[in-house]
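Read the structure below first, then the notes.
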Amino acid sequence: MRVLVTGGAGYIGSVTVEALRARGDQVVVVDNLATGHRAAVDPAVTLHEADMRDTARVIDILRTERIEAVVHFAAYSLVGESVSDPGKYMDNNVAGTLSLLQAMRRSGVGRLVFSSTAAVYGEPQRVPIDEDHPIAPTNPYGLTKRFMEQAMECSAAAYDFRFVALRYFNACGAIPTRGEDHDPETHLIPVILQVALGQRPHLSIFGTDYDTPDGTCVRDYIHVADLADAHLRALDRLAASEPSLICNLGNGQGYSVREVLDTCRAVTGRDIACIEGPRRAGDPSRLVADATRARNELGWTPARPDLRTIVEDAWAWHNARPQGY
Ligand code: UFG
C-alpha cells in the first residue's frame with residue numbers, strides 16, 4: 001500500500017512509519033517540522049517539508065506519490081498551550097485537517113486513519129471510558145480533535161470517504177530507533193527519566209489529594225509500538241472496504257503517578273528526586289480506557305501492556321539519545 005503519513009517526523013508518527021516500512025508498505029512523509037525532527041525520518045523515506053494548510057501542495061503530493069491512504073498525525077498536542085493560545089490550535093489542527101480532507105477529495109484518496117485522543121471525553125463520568133461515554137472536551141486541544149472527527153464523519157456521510165479515528169490514552173515508551181523528543185517536555189515518563197539522567201533536579205508530582213488509592217492521578221499508559229500496530233490494522237480495515245470507525249486505544253489498566261515513579265526508579269536503579277506540588281489545572285483524576293471495540297473491530301491486542309516494559313523501552317531510548325534527535 002502507498003501511504004502518506006502526515007506528522008511522520010513526530011513521536012507516534014515516526015514509530016508508525018517504521019512499522020509500515022517493516023511490513024513492506026511504501027511510505028511518504030509530510031511534516032512541516034514545527035515540532036517534528038528530520039532525523040526521525042529515515043533517509044530512505046521521502047520527506048516533504050510542507051504544511052497541511054497548503055492545499056495545493058498536499059494535492060500535488062497525493063497525486064505525484066500515487067497515495068492510496070493517509071495516516072494523519074500532524075497537529076499540535078499540548079493541552080496547556082491550547083488553553084493559553086487556542087488560535088494556534090484552531091489554525092493548525094482544524095484548518096490543517098480541513099485542507100487535508102479537501103486535498104484528498106480532489107485527489108480521489110478516500111481512506112484516512114486519524115490520530116485522536118482521550119481528551120475528547122473531558123472529565124470522566126465513569127471509568128473505564130468506552131466510546132459511548134459523553135463527549136465534553138475541557139480544553140481547546142480536545143475540542144479541535146473532536147471537531148476533526150466530526151469533519152470526517154460529515155465527509156464519510158457525503159463523499160466516497162471512510163476513516164478510522166483512534167483515541168489514544170497516554171502514549172509512551174519507544175522503539176530502539178525512535179522515541180519521545182519534545183521541547184518543552186511535559187509528559188510524565190520522559191520528565192521522570194530526565195531527572196534520572198540528571199537533566200532536571202526533580203519530578204514535581206501534580207497533586208497528591210485526588211480521590212485515588214495513593215492520592216495521585218491515574219492514567220492508562222499505552223506503548224507507542226502498540227499504537228502503531230493499531231494504525232496498521234486500521235489501514236487494513238479500510239482497504240477491506242469496512243465502514244468507518246472510532247475507537248479507544250489503551251490497556252484498560254491504570255497506574256498512578258507514584259506507581260510510574262516507582263517503576264522508573266526500579267528500571268533505572270536511580271534514586272529519582274520528587275517533590276509534591278499542587279494539582280495541575282484541568283487534570284482529571286482517572287483516565288482508563290475500555291478498548292473492547294478496538295480489540296473486536298481491529299483484532300488489536302496490546303503486546304506490551306506491562307508498565308515495566310514500557311519504562312524499560314523509554315529508558316533505553318533516553319539513554320541512547322539523552323539530548324534527543
Ligand atoms: N504529571 C506530574 N508531573 C509532571 C508531569 C505529569 O505529576 O511533571 C502527572 C499529570 O498530572 C498526570 C500524569 O502525570 O496526572 C500524566 O501526565 P501527562 O502530561 O504525561 O499526560 P496527560 O494525562 O496530562 O495527557 C496525555 C496527553 C494528552 C492527552 C491525554 C489523554 O499528553 O495529549 O493524555 O489521556 F489528551
Side-chain angles (χ1 to χ4, degrees), residues 7 10-13 35 73 75-83 89 93 114-124 127-129 131 133 135-146 148-149 165-173 180 182 184-196 199-224 227 248-264 272-291 307 310-311 314:
Y11 171 42
I12 308 169
T35 55
F73 293 98
Y76 292 133
S77 62
L78 295 177
V79 170
E81 184 187 55
S82 80
V83 174
Y89 281 67
N93 296 6
F114 177 57
S115 165
S116 191
T117 172
V120 300
Y121 297 113
E123 183 65 36
V127 176
I129 299 169
E131 294 83 358
H133 184 283
I135 299 291
T138 51
N139 54 67
Y141 166 66
L143 204 63
T144 61
K145 287 281 178 174
R146 179 56 190 151
M148 293 185 264
E149 289 181 354
L166 301 171
R167 292 177 178 162
Y168 319 148
F169 281 64
N170 286 61
C172 49
E180 224 164 332
H182 298 120
E185 188 53 77
T186 61
H187 295 110
L188 181 63
I189 293 175
V191 164
I192 295 174
L193 295 180
Q194 286 179 351
V195 179
Q199 296 173 342
R200 290 175 187 251
H202 54 72
L203 166 74
S204 296
I205 297 181
F206 298 148
T208 54
D209 59 348
Y210 285 97
D211 182 19
T212 57
D214 68 16
T216 66
C217 286
V218 169
R219 294 288 182 272
D220 186 333
Y221 294 91
I222 177 77
H223 198 294
V224 66
L227 292 181
N248 291 336
L249 295 181
N251 283 310
Q253 166 88 38
Y255 292 99
S256 73
V257 173
R258 288 192 207 278
E259 286 175 312
V260 173
L261 176 58
D262 287 345
T263 305
C264 291
I272 299 165
C274 79
I275 59 170
E276 298 183 357
R279 293 183 177 197
R280 184 171 68 179
D283 272 348
S285 60
R286 288 183 76 202
L287 287 175
V288 179
D290 179 337
L307 182 62
I310 289 171
V311 171

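Note that the numbering runs from 1 along the sequence shown for the chain. Computed from a predicted model, the values in this text were never measured in an experiment. Hydrogens, waters and symmetry mates are skipped; everything else that's a heavy atom, side chains included, is used. As the structure lists them, so they are numbered: ligands from 1, and atoms in each ligand from 1.
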Give the single entry among [options] that approaches [atom] most closely by any heavy atom.
atom: atom 4 (C) of ligand 1; options: Y210, F206, Y168; answer: F206
atom: atom 12 (C) of ligand 1; options: T208, D283, V288; answer: D283
atom: atom 24 (O) of ligand 1; options: R286, E276, R280; answer: R280

For [atom], the protein heavy atom that lies nearest, with its residue and separation:
atom: atom 26 (C) of ligand 1; value: N170 ND2, 3.5 Å
atom: atom 32 (O) of ligand 1; value: H187 NE2, 2.8 Å
atom: atom 20 (O) of ligand 1; value: L188 N, 2.8 Å
atom: atom 36 (F) of ligand 1; value: T117 OG1, 2.9 Å
atom: atom 9 (C) of ligand 1; value: V257 CG2, 3.8 Å

Checking S115 side chain against F73 main chain: does a donor-acceptor pair fall under 3.5 Å?
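No.
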Ignoring hydrogens and angles, tell me if any N or O in the side chain of N248 forms a donor-acceptor pair with the backbone of I129 under 3.5 Å.
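Yes; at least one donor-acceptor contact below 3.5 Å.
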Only heavy atoms of [X], strictly under 4.0 Å: list the atoms of ligand 1 that pass.
X: T186; result: 5 (C), 19 (O)
X: L287; result: 35 (O)
X: C217; result: 15 (O)
X: S77; result: 33 (O)
X: A118; result: 31 (C), 35 (O)
X: Y221; result: 13 (C), 16 (C)
X: Y141; result: 33 (O), 36 (F)
X: L203; result: 3 (N), 4 (C), 8 (O)

Taking 4.0 angstrom as the limit, do R167 and E149 come out as a salt bridge?
yes
If we only count heavy atoms from C-beta on, is the [X] to [Y] side-chain gap below 4.5 Å?
X: P284; Y: R219; value: yes
X: L166; Y: L227; value: no
X: S256; Y: T212; value: no

Closest non-hydrogen atom pair, R280 against T186:
NH1-O, 4.1 Å
Ligand 1 and I205, any nitrogen or oxygen pair closer than 3.5 angstrom?
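Such a contact does not occur with ligand 1.
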Using distance alone, determine whether S204 and ligand 1 share an N or O pair under 3.5 Å.
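Such a contact does occur with ligand 1.
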Looking only at the side chains, is there a donor atom on one of Y89 and E81 sitting less than 3.5 Å from an acceptor on the other?
yes
Hey, which of N139, N93, T117 is the one that makes side chain to side chain donor-acceptor pair (under 3.5 Å) with T144?
N93
Please identify each residue that fulfils side chain to side chain donor-acceptor pair (under 3.5 Å) with S77, with sequence neighbours left out.
none
Selection residues 201-211 - residue pairs positive for side-chain hydrogen bond (donor to acceptor under 3.5 Å, both in side chains), sequence neighbours left out
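Those involving residues 201-211 are D209-R279.
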